[in-house]
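Heads up, the thing below is written out as C-alpha cells.
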There are 2 protein chains.
Amino acid sequence: MTATNGTPAAGDASGTSARHEASTADTVAAVVRQWRAVHPGLDTGPMEVIGRINRCAALLQQAEDAPLRRAGLSRPEFDLLGALRRTGHELTPGELARETFSSGAAVTKRIKQLTGRGLVERRGDTRDRRVAHVRLTDAGRELVDGVLPEQLAYETAVLSVLAPSGRADLAGLLAELLGRLEGTMGALRAGG
Amino acid sequence: MTATNGTPAAGDASGTSARHEASTADTVAAVVRQWRAVHPGLDTGPMEVIGRINRCAALLQQAEDAPLRRAGLSRPEFDLLGALRRTGHELTPGELARETFSSGAAVTKRIKQLTGRGLVERRGDTRDRRVAHVRLTDAGRELVDGVLPEQLAYETAVLSVLAPSGRADLAGLLAELLGRLEGTMGALRAGG
DNA sequence: AGCATGTGTTTTATCTGTAAAACACATGGT
DNA sequence: ACCATGTGTTTTACAGATAAAACACATGCT
C-alpha cells in the first residue's frame, strides 16, 4: 500500500479546478474532473450525462439482480418471460428478440433453457413451418406474477433516494432523450 | 430543475393517460402501458425511470462503440486505458479494477491483451512483489488522446437531441441519483 | 412445376466476463 | 525464525453473448 496518493488529483498545478458539482460527490464527477485536468480544452459535458447513465444502469442492474436471482432468473430471462406476460399472447422467437432487444441466437438459447425448466412452451406454426410460437406455461406465468411485485417494490425502494418530483422530472427527461434517440439512431452511423 | 414539458404521468391510476406520452413515443412507455393493462394494481412508476436508464444505456453504448471500434478498442479496453490516462500515473491491477468497476480477473485479461498490442506496459513492484504496476506506452497514450475527442464529439452529437437546459437538468438529476445510490447501495441487500 | 430469392430460426465458432480456486507474497504474532 | 492469516493477482472452468454460416421453408417468377 503506497501512501503517496492520498488526494485524487495528483498534479493540479493550474487553478482551474471547477467547483460546480463539488456537493454531489459521485464517481463520474471525479472522473470528469480528472479528464478536465489532463485535457483542459475538451468539452466534457457529454460525459456527465452518458457516463452517469452508464454507471446508473450498471448499479441498478446489479441491484435488480437480487430479487430476480431469488427466483432463479437472470435479467434477460425475466425480460423474455415478461414480454410474453405483458403482451398476453404467444410470440415468435423473432418477435421476442425484437421485444427484448437481443439477438435471435440469444433468444433461441433462452427459449431452450426456459423450456427445459417448464416455464415456456413452443409449438410450430401450422401455416408457415419455419416459425415457432412461444407461450408461457402456468408455472411461467405464476413465476412472473410472483416476481414482478417484488421487483417493483425493490425498484421503488432504490429510487426513494430521489424526491417524487425528481423522479418525475428524471422520467420525463429520459423519455424525451430515449424517444428522440430511438427515432434518430440511424442518422449518425459514420458521422463524427 | 423543473421540467418544462407537460407533466408526465407519474401516478395516474385511471387508464386514460394515453395522450401525455403520445408525443414522446419511446419503447419503455409502450411496455409500461402493457404492464398496466395486465396488472392494473401495480405501481409501474419505477419502470419509467429504471427501464429508461437501462434502455438509454444500451442504445448509447451501442452508439459509442462506433468511434471506439474504429480504433480497434472495446469499451472496457478504452475504460482501462482512460483510467491510466486521466489519473496520469501508473495503476495496479487492483486499482484499475476498482477504477473501471470490473472484476480483477477481467482486468488481468485486458492487461494481457493490451500489453500484447503494445498499448500498456507492466512492471513489478520492488517492495511488494505481489503487486504489479501498469502504465501507458507512448502508443497507448497517443491512441487515447486521439480517440477521446472523437468520442466526445460523437457523444455531443448524440445528445444534441436534447436542448442544453435539458442536458443540464438531466446531468444534475443523474448526479443526485448516482451520488445517493453509490452511498446507499449497501443498505438494501435483502430488503423488500 | 421448377427455381431463385428472401425470411425466420438454429447452429457453430469464438470471445468476454465471472466466480471460485489457486498462487505468491507480505505481515504480525509467538 | 516460523507459521497463520490476509491481501494482490492470476488461473481455471464455465456460463452467456455475438457474428456468420447453415438450415428450413415460403413466395414469386417463369
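Labels below follow one simple rule: chain letters A, B, ... track the order of the sequence lines, proteins then strands, and each chain is numbered from 1. All values below were derived from every heavy atom in this structure, side-chain atoms included, with hydrogens, water molecules and symmetry-related copies excluded.
- Among the heavy atoms of the strands lying under 4.0 Å from A:G94 are primed sugar atoms or P, OP1, OP2 only; no base atom is included.
- Within the 3.5 Å criterion, the main-chain N or O of B:E95 finds a donor-acceptor partner in the side chain of B:T92.
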Going by atom type alone, with no hydrogens or angles, which donor-acceptor pairs under 3.5 Å involve a side-chain atom of residues 103-112 of chain B and a protein atom two or more places apart or on another chain?
{"unit_1": "B:S103", "atom_1": "OG", "unit_2": "B:A106", "atom_2": "N", "d": "3.2"}
{"unit_1": "B:T108", "atom_1": "OG1", "unit_2": "B:G104", "atom_2": "O", "d": "3.1"}
{"unit_1": "B:R110", "atom_1": "NH1", "unit_2": "B:S102", "atom_2": "OG", "d": "3.2"}

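- For A:F101 and D:dA17, the CZ to C1' distance is 17 Å, given to the nearest whole Å.
- Look at B:S102 and you won't find any side-chain N or O under 4.0 angstrom from OP1 or OP2 of C:dG17.
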Q) What one-letter contact string describes nucleotides 24-29 of chain D from 5' to 3', where B marks a base within less than 4.0 Å of any protein heavy atom, S marks contact via sugar-phosphate atoms alone, and - marks no contact? A) BBS---

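- When the side chains of ILVMFWY residues are joined at heavy-atom separations under 4.5 Å, either directly or via intervening members, A:M47 and A:L42 end up in a single hydrophobic cluster.
- Distance A:H133 NE2 to C:dT9 C1': 13 Å, rounded to the nearest Å.
- Within the 4.0 angstrom heavy-atom criterion, only backbone atoms of the sugar-phosphate kind lie near B:T92; the bases stay farther away.
- Listed by residue number, the members of residues 109-123 of chain A with any heavy atom below 4.0 angstrom from DNA chain C are A:K112, A:R122.
- Ranked by how close their nearest DNA chain D nucleotide is to the 5' end, B:R98 and A:S74 are led by B:R98.
- The interatomic distance linking B:L73 (CG) with C:dT16 (P) rounds to 12 Å, in whole Å.
- Listed in residue order, the members of residues 79-88 of chain A having a heavy atom less than 4.0 Å from DNA chain C come to none.
- Every residue two or more places apart in sequence or in another chain that forms a side-chain contact (heavy atoms from CB on, under 4.5 Å) with B:R86 is listed here: A:V31, A:Q34, A:W35, B:A83, B:E99.
- Ionic pairing of A:R123 and A:E90 is present here: one or more N-O contacts between side-chain nitrogen and carboxylate oxygen are shorter than 4.0 angstrom.
- A:E121 pairs by the side-chain contact (heavy atoms from CB on, under 4.5 Å) definition with A:R135, A:T137, not counting sequence neighbours.
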Give each protein N/O atom lying under 3.5 Å from an N/O atom of nucleotides 19-22 of chain D, with the pair distance.
none

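- For the side-chain contact (heavy atoms from CB on, under 4.5 Å) test, residues two or more places apart in sequence or in another chain that qualify with B:V147 are B:L68, B:A71, B:F78, B:L143.
- When the side chain to side chain donor-acceptor pair (under 3.5 Å) test is applied to A:R117, the partners found at least two apart in sequence or on another chain are A:E77.
- Ionic pairing of A:R129 and A:D125 is not present here: no N-O contact between side-chain nitrogen and carboxylate oxygen is shorter than 4.0 angstrom.
- Partners of A:Q113 by side chain to side chain donor-acceptor pair (under 3.5 Å), not counting sequence neighbours: none found.
- A search for side-chain contact (heavy atoms from CB on, under 4.5 Å) contacts involving B:V38 returns A:R85, not counting sequence neighbours.
- The side chain to side chain donor-acceptor pair (under 3.5 Å) check on A:R130 picks up A:D128, with sequence neighbours excluded.
- C:dT16 atom P lies 17 Å from atom CZ of B:R75, rounded to whole Å.
- At least one side-chain heavy atom of B:L181 sits under 4.5 Å from a side-chain heavy atom of B:L177.
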